[in-house]
Amino acid sequence: MTKFVFVTGGVVSSLGKGIASASLAAILESRGLKVTLIKLDPYLNVDPGTMSPFQHGEVFVTNDGAETDLDLGHYERFIETRMKKANNFTTGQIYKSVLEKERRGDYLGKTVQVIPHVTNEIQDFIKRGADFGTPDAVDVAIVEIGGTVGDIESLPFLEAVRQLSLRLGPNQAAFVHLTYVPWIAAAGELKTKPTQHTVQKLREIGIQPDALLCRADRNIPDDEREKISLFTNVAQWGVISMPDVDTIYKVPRVLHEQGLDGLICDKLRLNTPPANLKRWDDLVFETEHPKGEVTIAMVGKYVELSDSYKSLNEALRHAGMKSHVHVNISYIDSETLSPDNVAQLAKFDAILVPGGFGVRGVEGKICAARFARENKIPYLGICLGMQVATIEFARHVAGLKDANSTEFVPDCPHPVIALITEWKDADGSIKTRTEDSDLGGTMRLGAQSSDVVKGTLAHKIYGNVVTERHRHRFEANVNYLDALRQAGLVISALTQREHLTEIVELPQAVHPWFMGVQFHPEFKSTPWAGHPLFNAFVRAALDHQVKTTPEKALA
Ligand code: GLN
């Protein structure tokens, strides 16, 4: 029978509830348990797919094509279980489902209310995420409740998990509350009052936490832990100090050393072998002992908020560890790049153009792709980064002067990138765009496989087949592929089903490492193996460094 750990947050957001939940899951996994993580988001959007990266950070895409919260990325990087659509749901989805049932008459004429209809729906969704009662059921599902205790919008979620723990019976669920213990510099003191209050709020709704994870910029001394324990009714060994750490890989060790997993296993009556965190210790060692460094220019639009490229940053770091180097990422706002100043990119070991939407900053990205191509600097274009590399090649090599994507110029003379509906006509004529009204749900999403052409750089990296996740609307226009090929662009992978362009590259005789991929490889990178494409890209950056600045290169 699946047991549950509910993780709530107090005082303020952004304390790292996702990392704490993922870390606990990782420790439990190391004790031999089958674990999954579920994220509940209290906002009304059906999913984060339509939210601006500035507001919400990255949208993480699962194998089954769900657009989810970026915490699911942490989950996949911390544990072995892969996330599915069911591992993340929002208030929007709950209400949508309840209202559909109401319209179908499923409630048999009853008045539909938050309690019990919405709260029951939440419990069903949680059980679904854990595959509860099915052969795929996990031993422990860790359920992270977004938002902060005391918010109106997270109340139904808290009520639902309280009810669920009651219904499951004793020792089937544990509650972990993440709280903030501020250091007041003027007084020279750590203050426990906000923690007292947030736990009071939780207990008011009937939830008594079993453990408190106390976030602070330092360790919480024993006398303060004792005080917190007395005021919150949490045993002192459940008051766990979670100080700032320089790498997230340290968090599992910090929590384990203070007995969090022991406490949870006790509470849930789980008898397991002890935790083994060697792989985490090795990661920390690797991050702290690089043998060199490379610096990659990331030319994007959402550069002010590094959360917008969370998985990408992580994937580059993972690849760095594989090559024993530290990867520095220099974010460059593509809106500021032009032919006049693009030469500033010469100092980097490699150039990366990540995914993105909308016309703003696109010409700067095209400039960056051109500079990388002409100066033989390793280039990786991801999704939009692949599209701009294709546009650039069409304009400056294939002689298609005003080549563009119909995303930016709907009636451009050479739409080398366009919606399938704009290029699928049998006679090759270009249809005009039919504007999609339902923005969430018109994308190519999730994992798809393609065949890789032998003898290409892509083949060296991936072998015969590549299976990666997608999140985009526009595609390389099939009507231009011949012209691009004749001008020297290599189309190195096409999807198995629809023969859509997946990877473009320059021949290795022309450029040491230039590649654009229509998918998002960053979603599949883990700290353990890295990812073959990023591993190869970082090695290419190192090779470039050896060639251009040998004094910096590895000893
Ligand atoms: N805007 C482009 C498209 O929709 C690229 C999307 C992306 O980079 N994720 O096709």
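Predicted model only: the values in this text are computed from it and were never measured. The first residue in the sequence is number 1, and the count goes up from there. We count ligands from 1, going down the list as the structure has it; atoms in each ligand are counted the same way.
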Would you please say whether a donor-acceptor pair under 3.5 Å links the side chains of Ser450 and Thr495? no
So if I apply the ring-ring contact (aromatic ring centres under 6.0 Å, His included) rule between Phe523 and each of Tyr309, Phe60, Phe534, which one comes out positive? Phe60
Closest protein heavy atom (residue, atom, distance) for atom 7 (C) of ligand 1: Cys383 SG, 3.0 Å
Leu506 side chain reached by Phe393 side chain, heavy atoms, under 4.5 Å: yes
Work out whether the distance between some heavy atom of Gln387 and some atom of ligand 1 is less than 4.0 Å. yes
Please state which option from Gln518, His472, Arg473, Arg471 has its nearest heavy atom closest to atom 9 (N) of ligand 1. Arg471
Closest by any non-hydrogen atom to atom 6 (C) of ligand 1: pick that one out of Gly356, Pro354, Gly355, Gly358. Gly356
Does Lys84 come within less than 4.0 Å of Asp131, counting only side-chain N to carboxylate O? yes
Among non-hydrogen protein atoms, atom 10 (O) of ligand 1 lies closest to Phe474 N, 2.8 Å
Residue, atom and distance of the protein heavy atom nearest atom 1 (N) of ligand 1 read Glu407 OE1, 2.7 Å
His520 to ligand 1, any heavy atom closer than 4.0 Å: yes
Which of parallel (below 30°), tilted (30 to 60°) and perpendicular (above 60°) describes His470 and His472? tilted
Less than 6.0 angstrom separating the ring centers of Trp513 and Phe537, yes or no? yes
